[in-house]
Amino acid sequence: MVVVFTGLLIPFYHLNFEKAETTASSFEKLYELVMNIVPRNIILPFSENNTIQIIILALILGTVILNLDNQVSGLRSTVTDFHIVFMNATEAICSLLPVFVFASLTKLFWENGFGTFAKLWKPILAAVTVEYGFIALMAILLGLQYKVNPLRLLKKLMPSFLVGLTTGSSLAAYTRGMEVNKD
């Protein structure tokens, strides 16, 4: 589906298919990629804000904790407590994201004017049409599969969609989406 939707939007963007000059071999590039993913020490990813290395460290720590099972129950409960604290902090921050996005867009319009965005109306309209078409199609398919009225399903999901639409962030819609899923 993503490929189809991307194909529909291609006419709105200038694409450059020229082959770039390469000097390194494929093996050197692969080696460099792996070396950039694997952290050199446990502190460096956090000091450099290297997300992929932080994720790798989290996967390693999580795997170790799961493999040690009951031998580290105190550590497991501490990690669980930290998880609860960070999820609550993330939910609180995400509730403020719509205000931040609105303020950022207002500042952008104020500084650059609406002329900058006048050129973008066609791809934005195409993207919104494709996205809402996909949402409607999925609502119809889910409604048929679970024998639920598609309009009622969309009405229940609308608060989550609106948060995602107004912020452009799936993380901001996470809290509302979890509430909708629980209900």
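Proximity of V85 to D81: side-chain heavy atoms (C-beta onward) are nowhere separated by under 4.5 Å. Contact of the L154 side chain with the I135 side chain is registered, since non-hydrogen atoms from C-beta on lie closer than 4.5 Å. Two residues are said to be in side-chain contact when any heavy atoms from C-beta on lie closer than 4.5 Å; I55 and T51 meet this criterion. For the pair I56 and V38, the minimum side-chain heavy-atom distance is 4.5 Å or more.
The neighbour count for L144 CG, taken as heavy atoms of other residues, nucleotides or ligands under 6.0 Å away, is above 12. More than 12 heavy atoms of other shown residues, nucleotides or ligands fall within 6.0 angstrom of atom CG in L75.
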Take I65 and L61 through the side chain to side chain contact (heavy atoms under 4.5 Å, CB included) test and state the conclusion after the steps.
CA-CA 6 Å; I65 290 173; L61 178 64; 3.9 Å; yes
Run the numbers on L57 and F46 for side chain to side chain contact (heavy atoms under 4.5 Å, CB included), then give the verdict.
CA-CA 10 Å; L57 285 174; F46 297 101; 3.9 Å; yes
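Nearest approach of S77 to G74, heavy atoms of both residues: OG-O, 2.9 Å. Shortest non-hydrogen contact noted between A139 and P150 is O-CB, 3.7 Å.
The distance from atom CG of N49 to atom CG of L44, rounded to the nearest 0.5 Å, is 10.5 Å. Residue N88 holds its CG atom at 9.0 Å from NE2 of H83, rounded to the nearest 0.5 Å.
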